Participant: 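My questions will all concern the structure given below.
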Amino acid sequence: MAHGDITHIDIPVGDMARATTFYSTLFGWQIAEMPGFEGYPMWQAPNGISGGGLAPRDPGFTQPRSYVEVDSIDETIAAAVAAGGSVAAERQPITDTSAWAVIVDPDGNHIGLFEGVVGG
């Protein structure tokens, strides 16, 4: 993926089993937990390209969130703030080679940022 590509979409859910059944039945998504990411089942669309995760819903995460690949989370956060945005979640590691953060655009939309590589 390149800077600016959508990497994945997280969907907040309150009941993982119900959501897994709903989305796999409705859209034919393959949904499974990956080792090291228990409690965060990943979904993949039939095209084998589109995908994301079913993430636990919480008061700060109530709507689906798209994640955008960036070359540098730190530089992207600085640019977003300079352009009138703000930060909802600072940079956080996923693995030793990847991280995520969430910015808020001037209209209040939360956009996830992803940097790095997960897996081999």
Side-chain angles (χ1 to χ4, degrees):
M1 299 230 146
H3 183 88
D5 285 347
I6 301 292
T7 62
H8 68 280
I9 300 169
D10 275 347
I11 300 172
V13 300
D15 182 323
M16 288 292 178
R18 180 181 65 198
T20 297
T21 299
F22 178 83
Y23 287 110
S24 62
T25 301
L26 187 65
F27 298 129
W29 291 353
Q30 298 297 312
I31 302 172
E33 288 186 349
M34 298 174 62
F37 295 95
E38 290 78 13
Y40 176 64
M42 302 294 289
W43 61 268
Q44 185 171 44
N47 66 12
I49 300 168
S50 303
L54 300 179
R57 176 182 295 273
D58 68 38
F61 182 43
T62 61
Q63 296 295 316
R65 181 186 303 140
S66 296
Y67 284 78
V68 179
E69 173 85 17
V70 296
D71 294 331
S72 167
I73 285 176
D74 296 332
E75 290 175 12
T76 303
I77 286 175
V81 170
S86 61
V87 179
E90 296 287 345
R91 177 191 182 95
Q92 299 175 53
I94 299 170
T95 66
D96 290 343
T97 58
S98 62
W100 68 281
V102 179
I103 59 170
V104 182
D105 74 9
D107 286 310
N109 298 299
H110 288 220
I111 306 296
L113 305 177
F114 172 82
E115 172 190 321
V117 177
V118 176

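Model, not experiment: these values are computed from the prediction. In this chain, numbering begins with 1 at the start of the sequence shown.
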Participant: Sub-3.5 Å donor-acceptor pair from the side chain of T97 to the main-chain atoms of G116, do we have one?
Facilitator: no
Participant: Looking at side-chain heavy atoms only, is the closest gap between I31 and F22 below 4.5 Å?
Facilitator: no
Participant: To the nearest 0.5 Å, tell me how far H110 NE2 sits from D105 CG.
Facilitator: 9.0 Å
Participant: Roughly how far, to the nearest 0.5 Å, is the CD1 atom of I9 from the OG atom of S50?
Facilitator: 7.0 Å
Participant: Report yes if the side chains of T76 and H3 come closer than 4.5 Å at any heavy-atom pair, otherwise no.
Facilitator: yes
Participant: What's the spacing between F114 CZ and E69 CD if we round to 0.5 Å?
Facilitator: 5.5 Å
Participant: Name every donor-acceptor pair, under 3.5 Å, that has one atom in a side chain of residues 60-68 and the other anywhere in the protein, sequence neighbours excluded.
Facilitator:
unit_1	atom_1	unit_2	atom_2	d
R65	NH1	Y67	OH	2.9

Participant: Would you compute the distance between atom CD1 of I73 and atom CG of L113 and round it to the nearest 0.5 angstrom?
Facilitator: 6.0 Å
Participant: Could you check whether any side-chain heavy atom of I11 comes within less than 4.5 Å of a side-chain heavy atom of W43, counting everything from C-beta outward?
Facilitator: yes
Participant: Checking D107 side chain against N109 main chain: does a donor-acceptor pair fall under 3.5 Å?
Facilitator: no
Participant: Can you tell me how far the CD atom of E75 sits from the CD1 atom of I77, to the nearest 0.5 Å?
Facilitator: 11.0 Å
Participant: Looking at A17, is its backbone amide N or carbonyl O close enough to the side chain of D15 to form a donor-acceptor pair, meaning the two atoms are under 3.5 Å apart?
Facilitator: yes
Participant: Are V104 and W100 linked, directly or through other ILVMFWY residues, by side chains that come within less than 4.5 angstrom of each other?
Facilitator: no
Participant: Any chance you could measure E33, atom CD, to L54, atom CG, to the nearest 0.5 Å?
Facilitator: 10.0 Å
